[in-house]
Each structure stands twice: as C-alpha cells, then as structure tokens.
Protein chains: 2
Amino acid sequence: MGDTNANAVSQWVERLSALHRSLMRKFATEEGLQFVHVEILQYLSICNRYSDTTQAISDYLGQTKGSISQSLGLLEEKGLIKRVQDKIDKRVFHLSLLSKGASVTKRLLESIHLDGSEKLEPQLKNLLTSIQKKNGLKGFGTCLSCRFNQSPGKNSFVCGLTKEKLSVDEVKKICKEHEAS
Amino acid sequence: MGDTNANAVSQWVERLSALHRSLMRKFATEEGLQFVHVEILQYLSICNRYSDTTQAISDYLGQTKGSISQSLGLLEEKGLIKRVQDKIDKRVFHLSLLSKGASVTKRLLESIHLDGSEKLEPQLKNLLTSIQKKNGLKGFGTCLSCRFNQSPGKNSFVCGLTKEKLSVDEVKKICKEHEAS
DNA sequence: CAAATCAGTTTTGATTCGATACTATTGGCC
DNA sequence: GGCCAATAGTATCGAATCAAAACTGATTTG
C-alpha cells in the first residue's frame, strides 16, 4: 500500500478505465446513441428506487443536472425510458428503463465481456470504496455494505433511513444515500 | 474464472470505470477543459513516439479521427500541445505535451488519488490484456510485454519492428503497434 | 505511373456541455 | 397560517463535441 505502488495501480486503473470508455463509445455509436446515453441507461439498470432521479444521475456521472435533463428528454422521446412523478413529493420524477432501453443495457453487458479471476472481486470492491473515501464522495454503494441496512430476518431487509422494506433484488442495487458500514 | 463470476467482475469494473469518469469530468471542469481534452492529454503523457498521432489517439479513445482532429486544434490553440511534422513521412504529425499540458496531467494524477494493494497490480494487468484480447483489440501495451521487443544487453532495448534503439524510459510507454508476447 | 491506401483536415447538422435563470414544490421557522 | 430558503427539475444560451462524409496531400502498391 506504499506510495510508490499507488502510482503503479493508478496507471492500470487509468488504462482499464480508458479501455472501458473506448468500448462503451464504440457500442454507443453502433446503437446510434451518444456516450452519455449509454452511461445513463447503464446507471438506471443498477440503481434503486431512491436513486432513479435526474439529480442522482447528475451526482453519479459528475455532470450538471441541466445536461442530464436534456439527455433524458431525448431518451424519453426515443422510447428508451419513462418518467413517473412521485406520489408524495411532486417535485421528483422517477426514471426507469422501458423494454427498449433494458435491451440496450443487456447488449452492452454482452458486448463488453469482462473476465477476471475470482480473487479480483473483493479487491476491486476495496479499491472502489477506497477511491470514493479518498475523494470525499458519498453514496452509491449497495445496501449490503450500507450502515443503514437492517436485516431483521433471513432474506428480509429494512432501510434504516426510509424505514421501508426492501426485496432481495433491491438490496443489490446502488443507492445515492449509501454510507459505508 | 467461471461465467457466473465474470458477471460480478463486470459489475465492479463498470462501477470503477464510472467513478473514474466522474472524477475525470470534475477535474476537467475545474481546469476549464472538456472531458475529451483531458483524455487526450493523459494519453499523450503515456504513449511512445510511434503512437503520438491523430490516428493513434482516435484508435485508443474509440472516437473518429475527425472529432479528435478538431479537439487537437483547440488544444494547440490553447498552448497545451504542439505538433511537429515527421521528417520522413510528411503525412504524419507528432503530437507532444507542452509544459502547460504536462502540468495538467500532473495535476490529474494528483487529483485522482488511487490506492490499492500490491497484489492488485498483476491482476489488473491480466484483466486488461484479457479484455483487449476478448474484444479483438490490438495494440496499446508497453514494450515490456511486446513480442517485438528485444533486449541485447542489460538496460538496452531494440524494437524488432522499427529496428530502433529504445531508452529505458521509452519501453515503459504504450505503443499502438504492441502485440502480446 | 496510375490506383489504392493512408494521415490528417474540413464541413455539416444534431447534440452535448456548463452556466445561468427560471418554475414549482417542499420544508422550516417565526 | 405565511414567509423564505432549499430542493427537483426544466429552459435557454453560446461554445464545443460528435459521427459521417467529403476532401487534401503524401505514400505505397501493383
């Protein structure tokens, strides 16, 4: 974990990320979409119901909500996503993938086929959280690593923030309110 | 290395890459640059003298050379890079960072501080090359892992493709002609 | 030496981008 | 209740990106 080594890891992450961007861009072009569209669709496929809003996407992708809002308009027009107004807070609109949008993210996953040894998984997880922590970024992890998550029984989950029950699938998704446990 | 696990690794790489993009975007905005500008500058800081051209950047980043050409024009105008015509092949122009551009890449490296265990390094390397291979991408590795690289003596390197001598620093940079050894 | 290839630029029109200003809703606070 | 700040989201603006295609020149190939 020395400083000399941090640099070397840096280089590999830089190149891995660059390669991933390149593949995503190629995929986007083939689908007749912009890069950011694919980013948005991919995010919507992994975020939970507290995090499917314009602002959350803006936070996750690091772009202004104005830009995101425009792109969302286009994605809705193209029939890839839909937006539904929140019943309680009428300012927020929940975004979700329509079947057409979901099939794009499915093709993306197939198109960029990643392989890695099993040992890599926990290490990548650590790397990710360490980067988030180092850069002072909050949020965007799954319930399983969140301090608000409570598990009153087997396969039963409750979010300590919202006091709501969460399904087994739901707790695997990423949340903007996430705080490391 | 099973299929069930490939998916899990996928998820982590996706999120790691997304986080990295987000940090790069924030950095770009702070520097008054576009995302792609930072990508180009970063690439120029790690590529060797065979790979510092418009076409190579286009291949590495996965964008059309027309787009790259436009961005390069702006970067030159801003005094971040310079271009020098090749003495032999007058079609090609070699691009390089000016001090102003180099300082941006230095700040980028400091800004996105990545930490990881030593064990991660060889695994990331394997992951990277496996993705390149799986996606049928050629090129963009360092001489040290290239089959053209020859080492007639200690700290002495020759490229089997160009028959040119390469310095110790040079062989650490990435090359568009790279082929795995 | 002509044709094909290659490196790079230019042009075009749709779209992104950040910045800013704006509407509408919500929440606090007296 | 009523006022004001905060929040979610959209609209507008000008500069810049983006891919696609057409276009120079230079080089290689046949």
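A note on names: the letters A, B, ... follow the listed sequences, proteins ahead of strands, and every chain is numbered from 1. Scope of the values below: all heavy atoms of this structure, side chains included, with no hydrogens, waters or symmetry mates.
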Any heavy-atom pair between the side chains of A:Tyr60 and A:Ile46 that's under 4.5 Å? yes
Please identify each residue that fulfils side-chain contact (heavy atoms from CB on, under 4.5 Å) with A:Phe93, with sequence neighbours left out. A:Arg83, A:Gln85
Contact check, residues 47-72 of chain B vs DNA chain D, heavy-atom distance under 4.0 Å, returns B:Gln63, B:Thr64, B:Ser67, B:Gln70, B:Ser71
Nucleic acid contacts of residues 19-46 of chain A, taken as heavy-atom distances under 4.0 Å to DNA chain D: A:Thr29
Starting from P on C:dG8, measure out to CG on B:Leu75 and report it in whole angstrom. 15 Å
Just how far, in rounded Å, is C1' of D:dT10 from CD of A:Gln85? 13 Å
Test side chain to side chain contact (heavy atoms under 4.5 Å, CB included), reference B:Leu33, set B:Ile40, B:Leu74, B:Leu41, output is B:Leu41
Nearest whole angstrom, please: distance from the C1' of D:dG9 to the NE2 of A:His94. 13 Å
Validation row: A:Asp59, A:Phe140 side chains within 4.5 angstrom (heavy atoms): yes
Is there a path of hydrophobic side-chain contacts, each under 4.5 Å between heavy atoms of I/L/V/M/F/W/Y residues, joining A:Val36 to B:Phe35? yes
Side-chain heavy atoms under 4.5 Å apart, restricted to Ile/Leu/Val/Met/Phe/Trp/Tyr: what other residues fall into the cluster of B:Leu161, or is it alone? B:Phe148
Quick one: B:Leu95 CG to C:dT9 P, roughly how many Å, whole number? 8 Å
Is any side-chain heavy atom of A:Glu39 closer than 4.5 Å to a side-chain heavy atom of B:Arg21? yes
Heavy-atom pair of closest approach, residues A:Glu170 and A:Arg49: OE2-N, 3.4 Å
Apart from B:Phe157 itself, residues in the same hydrophobic cluster as defined by side-chain heavy atoms under 4.5 Å: B:Tyr50, B:Leu144, B:Leu166, B:Val168, B:Val171
Output one line per pair: protein atom, nucleotide atom from nucleotides 27-30 of chain D, and distance, for all N/O pairs under 3.5 Å.
residue : atom : partner : partner atom : Å
D:dT27  : OP1  : B:Ile88 : O            : 3.0
D:dT27  : OP1  : B:Lys90 : N            : 2.9

Would a distance-only check, ignoring hydrogens and angles, find a side-chain to backbone donor-acceptor pair under 3.5 Å from A:Arg25 to B:Gln63? no
4.5 Å side-chain heavy-atom contact, B:Glu31 and B:Val38: no
Whole-Å distance separating the CG atom of A:Leu74 from the C1' atom of D:dA11: 15 Å
